[in-house]
Each structure stands twice: as structure tokens, then as C-alpha cells.
S.K.: 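Dropping the structure in here first, questions after.
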Amino acid sequence: MQNFAVTVSVVCRKDKINKQNEAPLCIKLAYKNKRKLISLGEKINVDYWDFENNLIFSNCERKEYLELLINEKKQEIDKKILSCKLSNQSITLDDFIEAKTKKQIIFSVAKLFNTYIEELFKQERIKNAKYYRCCLNCLLKYTKGKDIEFTEIDASFLTDYSNWMQKEKLHKNTIGNRLRGLKAIYNQAILYKYVSKDLYPFETFKVSKYRMETTKRAITKSDIQKIIKLDLLKISTNTNFQYYDFARDIFLFSYFSCGINIVDIAYLKSENIVDNDRLCFYRRKTKKLFSFKMHPKALDILSKYKDSNMSDYIFPILTTQISEIDKYNRVNGVLKRINIYLKKIGKHLKIETSLTTYVARHSFASVLKRSGVNTSIISESLGHSSEKVTQIYLDSFENSQIDEAMKNLL
């Protein structure tokens, strides 16, 4: 029986750093006191490489792509080793070097979509996975279920596709979202070298024209006071009082807690409360640390739920026994119910803006700005693109400045 003890690892060629501070990534094979390097055809900025552990740092934008490429190459090598082992054939390191010249598998659009979606689910990035699934389903509906090659996507194809979506009565922002998902997958195809970057159609066809400004969804301090003072018994029954009560609590907790969103609220645990009055947590979306001194109103709501929920989580939304995808579905189900009762509260109070949890986020930013808080700390809008900007602003200021700003909420 042959000895197939081939050691496989990934290395960054520190001896090959170029002027751009980049070095090539290679697979290193070691077998019978010999070694070979197989180039992956990719370089990485050495600032993003952990030379001690031979890993890519998490802040590398191309981390997912490079790791997938590395894993594919390792799997290819493992299959070669297993094949030789089963047939009891001899093996040399040159066998693996030759393997790199094999023709690369061509990925169609749907196949690459599905590969990426599967990877997102493995990483438990459920929301992103479902977003790309919606983008793919929309595209397949347009092509009548037919998969297509990336070379078929040009400016004419994108124009026809967007026109079809308009005829399907999709909202302008929805059309933009579907096109941005397709654009992201096309960018991956270029990185994987499944299609030439010279064919890139999004230089000519601009997705940005399918973006509309969302209607302002902020309410005033006086509206917040109305919501706080409302006697829910006047609009509720014994069977639905708890739903009204919970909806109001979540809305106000978000408003008084830097516009924290429903997902982050759902995942809060007692360990996120520091020194009894400071909330510290990593945002699920950005993985950034968020820390601020809690407003007294938020503390009141927190104390109401902190010891009443049997789960590890503070608010009665999630349990630890369910999977991440079940948690995602649970949060979305609870959110829909919360918004139903918030709308009823707003209608009763004759608040012009239709109340949702998102209104709490907008109102937090808007009220602080109207109170004279520096716009470098809080931006006026909390839409998707500006939300990232707001997060950067908040991360770059001292906690004491955010704590001081919170005093303007009432």
C-alpha cells in the first residue's frame, strides 16, 4: 500500500511582495521531504494576511472569494490523493502541479447564484441569502426558467429585463435591488474569471437610475410623548392588550436606544448590559461594537422584560433552542405583528406618518438633528446606504459624545 501522507496548506509568499504591498497566495504541498508551491493566481494585500496562522483577516473585502478559491483547490487535491489511494497508484508532487492546467469549470449565472446563496446559508447570513434567492428567482422568471451564461448579459439584456420588471408592476426600488443583486454576482464572475471584465455591462447600463429616495419617516418629540402617554386600554381588548403593549415597548426602546433595529433587539442578552446602564453589543449587520449609556426610558422597558423571559434573550422573541434560519423567520414574523399594532396606535393618535419600527430609527436621528446635535454624529436619514455612513460616524466618536446626544430625545 502506498503512503499518501501529503501535507496541504495555504501560504502567502512574503518573499514576493510587490510595490502595491501585495503577495501571491499559494497552496504548499509537502510529501517525503519535498515541497511544491501551486499558485492560486491571486494576490492579497499583506496587511490582510495573518502570517502566524496562515489565515485571511476578517476585514479583507475579498475574504469570502479567496477562501472559496482556496477550498476549491484543496478539494481538488484531496480528490487526487483519494483517487490514487483507492487505486493504489504511486503519486508525486508533480501530479498536482499538472492539475492546475486543467480547464476551469464554467459557471452559468444561476449556478454561481446558487453557489453563493449556499455559502451564505452556511455562514448563517440568512437575510443576505434570501435576498440573493429573490434576485435569482426574479431573473429565472424573466428567462422562463432557463439558465444563461454571463456572456449573454449585456446592456440590451439588462434594459429588456428592467422593462419586463416594470411591466410586472415591481416598484422602482425593487427593480434596482434585483439588478444590484445580479450586478454583485457578475462582479464575482469576473473575480473567478468566469467572464472577461471587458464584457462588463454595468459600465453602460447604470443601476443607480433605479433608486428612489424613500419618504421621510420621522415623527416629532410631541408624537413620541403621545405614544408614551397613550392609555392602551382605550384601544385594546383583554386578548390583544399584550400585543399593543409589546409593540409600543419595542418602538420606544428602539427610539431611546440609538435607533437599534429589531434584529439587534431580539438578540440582546443580559451580558450586553454593562454597569447596569450601558448597552454594549455587536450589530448583527455590520459586526461593529455599539456602546452607549442607556436613556432612563429604555432602562424602564429593559427592566420590564429582563427577568420575565425564560430564554437567555431579554425580549420574548427568540429562544436558544432553534436554528439561525428559524430565528430569522421568527424575528420577521414578530416584526410584522409589531408593525400591525404600531399602525393602529398611530392611527388612533392621528399621527400622519404610518408607524413602524423603522420610524423609530428615523425619528431618533431626526429629533437629535433638530435639537442641534452635530450631523457628523447622526445623519438625517437611516436608509440603507446612509445607515452605513451613520454607523461610521457613531463608531468614530467618543462614547461620551453619544451619551450627551441621547439627552435630547425628550
S.K.: Looking at CD of Glu124 and NZ of Lys122, how far apart are the two atoms once the value is rounded to the nearest 0.5 Å?
M.R.: 12.5 Å

S.K.: Looking only at heavy atoms, which two atoms of Lys343 and Leu355 are closest? And how far apart?
M.R.: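 So the minimum-distance heavy-atom pair works out to CG-O, 3.4 Å.
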
S.K.: Count the heavy atoms belonging to other residues, nucleotides or ligands that lie under 6.0 Å from NZ of Lys269, then report whether that count exceeds 12.
M.R.: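 Yes, NZ of Lys269 has more than 12 neighbouring heavy atoms, counting only those of other groups under 6.0 Å.
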
S.K.: Tyr305 and Phe246: aromatic ring centres closer than 6.0 Å?
M.R.: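 Centroid separation for Tyr305 and Phe246: below 6.0 Å.
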
S.K.: What residues, two or more places apart in sequence or in another chain, satisfy side chain to side chain donor-acceptor pair (under 3.5 Å) together with Glu119?
M.R.: Gln123

S.K.: Can you find a side-chain donor-acceptor pair between Thr319 and Tyr313 that sits under 3.5 Å?
M.R.: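 Not at all, the side chains of Thr319 and Tyr313 share no donor-acceptor pair under 3.5 Å.
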
S.K.: On a heavy-atom basis, which atom in Phe290 and which in Cys258 lie closest, and how many Å separate them?
M.R.: CE2-CB, 3.5 Å

S.K.: In terms of the angle between their ring planes, are Tyr142 and Trp164 parallel, tilted or perpendicular, with boundaries placed at 30° and 60°?
M.R.: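 Rings of Tyr142 and Trp164: tilted, 30 to 60°.
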
S.K.: Keeping the roles fixed (side chain from Lys193, backbone from Ile190), state whether a donor-acceptor pair exists under 3.5 Å.
M.R.: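 No: the side chain of Lys193 does not pair with the backbone of Ile190.
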
S.K.: Search all heavy atoms of Thr357 against all heavy atoms of Asn339 and return the closest pair with its distance.
M.R.: N-OD1, 3.0 Å

S.K.: Is there a side-chain contact between Gln225 and Lys221, using heavy atoms and a 4.5 Å cut-off?
M.R.: no

S.K.: Which residues pass the side chain to side chain donor-acceptor pair (under 3.5 Å) test with Arg248, sequence neighbours left out?
M.R.: none

S.K.: Are Glu42 and Tyr65 linked by a side-chain donor-acceptor pair shorter than 3.5 Å?
M.R.: yes

S.K.: Evaluate the ring planes of Tyr161 and Phe157, with Trp represented by its six-membered ring, and classify them as parallel (under 30°), tilted (30 to 60°) or perpendicular (over 60°).
M.R.: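 If you compare the ring of Tyr161 with that of Phe157, the planes turn out tilted.
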
S.K.: What distance separates Arg283 CZ from Lys288 NZ, expressed to the nearest 0.5 Å?
M.R.: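 Going from CZ on Arg283 over to NZ on Lys288, the span is 11.5 Å.
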
S.K.: Would you give the length of the straight line joining atom CG of Asp78 to atom NZ of Lys74, rounded to the nearest 0.5 angstrom?
M.R.: 8.5 Å

S.K.: How far apart are the C-alpha atoms of Ile227 and Ile351, what are their side-chain angles, what is the distance that settles it, and do they pass the side chain to side chain contact (heavy atoms under 4.5 Å, CB included) test?
M.R.: CA-CA 10 Å; Ile227 295 171; Ile351 295 174; 4.0 Å; yes

S.K.: Can you tell me if Ser257 uses its side chain to pair, donor with acceptor, with the backbone of Phe253 under 3.5 Å?
M.R.: yes

S.K.: Without swapping roles, check the side chain of Ser254 against the backbone of Phe251 for a donor-acceptor pair under 3.5 Å.
M.R.: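 Side chain of Ser254 to backbone of Phe251: no pair is present.
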
S.K.: Answer yes or no: is there a side-chain heavy-atom contact under 4.5 Å between Tyr267 and Asn272?
M.R.: no

S.K.: Nearest 0.5 angstrom please: Leu112 CG to Gln188 CD, how far?
M.R.: 5.5 Å

S.K.: Got Phe150 and Ser108 here, is their nearest side-chain heavy-atom distance under 4.5 Å?
M.R.: no

S.K.: Does Glu76 come within less than 4.0 Å of Lys79, counting only side-chain N to carboxylate O?
M.R.: no

S.K.: Looking only at heavy atoms, what is the nearest atom pair of Ala155 and Thr204, with distance?
M.R.: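 In terms of heavy atoms, the two residues are closest at CB-CG2, 4.1 Å.
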
S.K.: Could Glu52 and Lys14 be called an ion pair, given the rule that one side-chain N must be under 4.0 Å from one carboxylate O?
M.R.: no

S.K.: Could you state the interatomic distance from OG (Ser208) to CG (Leu179), rounded to the nearest 0.5 Å?
M.R.: 11.0 Å

S.K.: For residues 234-245, pull every pair meeting side-chain hydrogen bond (donor to acceptor under 3.5 Å, both in side chains), keeping only residues two or more places apart or in separate chains.
M.R.: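 Output for this query lists Thr237-Thr239, Thr237-Asn240, Asp245-Lys304.
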
S.K.: Regarding Arg133 and Asn114, do their side chains bring together a donor and an acceptor under 3.5 Å, going by distance alone?
M.R.: yes

S.K.: Tyr48 side chain to Glu61 main-chain N or O, any donor-acceptor pair under 3.5 Å?
M.R.: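 Here the side-chain-to-backbone pair does not exist.
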
S.K.: Taking atom types as modelled and ignoring hydrogens, do the side chains of Asn329 and Lys130 form a donor-acceptor contact shorter than 3.5 angstrom?
M.R.: yes

S.K.: As a quick check of understanding, evaluate salt bridge (Lys or Arg N to Asp or Glu O under 4.0 Å) for Glu324 and Arg284, giving each step before the final call.
M.R.: CA-CA 12 Å; Glu324 281 300 316; Arg284 301 282 298 179; 3.2 Å; yes

S.K.: Between Glu152 (side chain only) and Glu149 (backbone N and O only), is there a donor and an acceptor less than 3.5 Å apart?
M.R.: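 Checked: pair present.
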
S.K.: Flag the pair Phe292 / Leu279 as yes when at least one side-chain heavy-atom distance between them is below 4.5 Å, and no otherwise.
M.R.: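 SC-SC contact between Phe292 and Leu279 confirmed.
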
S.K.: Got a sec: does the CG of Asp275 have more than 12 other heavy atoms crowding it under 6.0 Å?
M.R.: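 At most 12 heavy atoms, drawn from other residues, nucleotides or ligands, come within 6.0 Å of this atom.
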
S.K.: Is the shortest distance from a Lys or Arg side-chain nitrogen in Glu168 or Lys141 to a carboxylate oxygen in the other one below 4.0 Å?
M.R.: yes

S.K.: Can you check whether Ile317's main-chain N or O pairs, donor with acceptor, with Arg330's side chain at less than 3.5 Å?
M.R.: yes

S.K.: Looking just at side-chain N and O atoms, do Asn163 and Asp160 make a donor-acceptor pair shorter than 3.5 Å?
M.R.: no

S.K.: Checking Glu67 against Ile56 for the side chain to side chain contact (heavy atoms under 4.5 Å, CB included) test, could you report, in this order, the C-alpha distance in whole Å, the side-chain angles of both residues, the deciding distance, and whether it holds?
M.R.: CA-CA 8 Å; Glu67 286 184 339; Ile56 303 170; 4.0 Å; yes

S.K.: If you take the centroid of each ring, where Trp contributes its six-membered ring, are Tyr200 and Tyr186 closer together than 6.0 Å?
M.R.: yes

S.K.: Go through Ile235 and Leu230 one step at a time and tell me if the side chain to side chain contact (heavy atoms under 4.5 Å, CB included) criterion holds.
M.R.: CA-CA 9 Å; Ile235 60 172; Leu230 174 63; 3.9 Å; yes

S.K.: Tell me, do Ile338 and Thr356 make a side-chain contact under 4.5 Å, heavy atoms counted?
M.R.: no

S.K.: Going by the rule side chain to side chain contact (heavy atoms under 4.5 Å, CB included), which residues pair with Lys28 if we only count those two or more places apart in sequence or in a different chain?
M.R.: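 Lys28: side chain to side chain contact (heavy atoms under 4.5 Å, CB included) contacts with Ser9, Val11, Arg35, Leu37.
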
S.K.: Contact between Met294 and Ile273 at the side-chain level, heavy atoms closer than 4.5 Å - yes or no?
M.R.: yes

S.K.: With a 4.5 Å heavy-atom cut-off, do Arg62 and Ile44 have their side chains touching?
M.R.: no

S.K.: Give a yes or no on whether the backbone of Asp223 and the side-chain of Thr220 come within a donor-acceptor separation of less than 3.5 Å.
M.R.: yes

S.K.: Given the rule in the side chain to side chain contact (heavy atoms under 4.5 Å, CB included) test, do Leu302 and Phe315 qualify, once you have shown the distances and angles that lead to the verdict?
M.R.: CA-CA 8 Å; Leu302 200 66; Phe315 291 95; 4.2 Å; yes

S.K.: Over all heavy atoms of both residues, which pair between Asp147 and Lys111 is shortest? Give the atoms and the distance, please.
M.R.: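 Looks like OD2-N, 3.9 Å.
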
S.K.: List for me each residue that meets ring-ring contact (aromatic ring centres under 6.0 Å, His included) alongside Phe241, sequence neighbours excluded, and say none if there are none.
M.R.: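 Scan of Phe241 (ring-ring contact (aromatic ring centres under 6.0 Å, His included), adjacent residues dropped) gives none.
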
S.K.: What residues form a side chain to side chain donor-acceptor pair (under 3.5 Å) with Asp326, not counting sequence neighbours?
M.R.: Ser323

S.K.: Just verifying a value: how many Å separate Cys26 SG and Ile38 CD1, rounded to the nearest 0.5 Å?
M.R.: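 Separation between the atoms: 9.0 Å.
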
S.K.: Counting N and O atoms only, with roles assigned by atom type, does the side chain of Asp154 sit under 3.5 Å from a partner on the main chain of Ser156, one being a donor and the other an acceptor?
M.R.: yes

S.K.: Got a donor-acceptor contact below 3.5 angstrom from the Asp264 side chain to the Ile260 backbone?
M.R.: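 No.
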
S.K.: Could you tell me whether the side chain of Asn18 and the main chain of Gln20 form a donor-acceptor pair under 3.5 Å?
M.R.: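 Such a contact is found between Asn18 side chain and Gln20 backbone.
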
S.K.: Can you name the closest pair of heavy atoms from Tyr132 and Gly181 and give their distance?
M.R.: CE2-O, 3.7 Å

S.K.: Between Leu25 and Leu66, is any pair of side-chain heavy atoms under 4.5 Å apart?
M.R.: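 In contact.
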
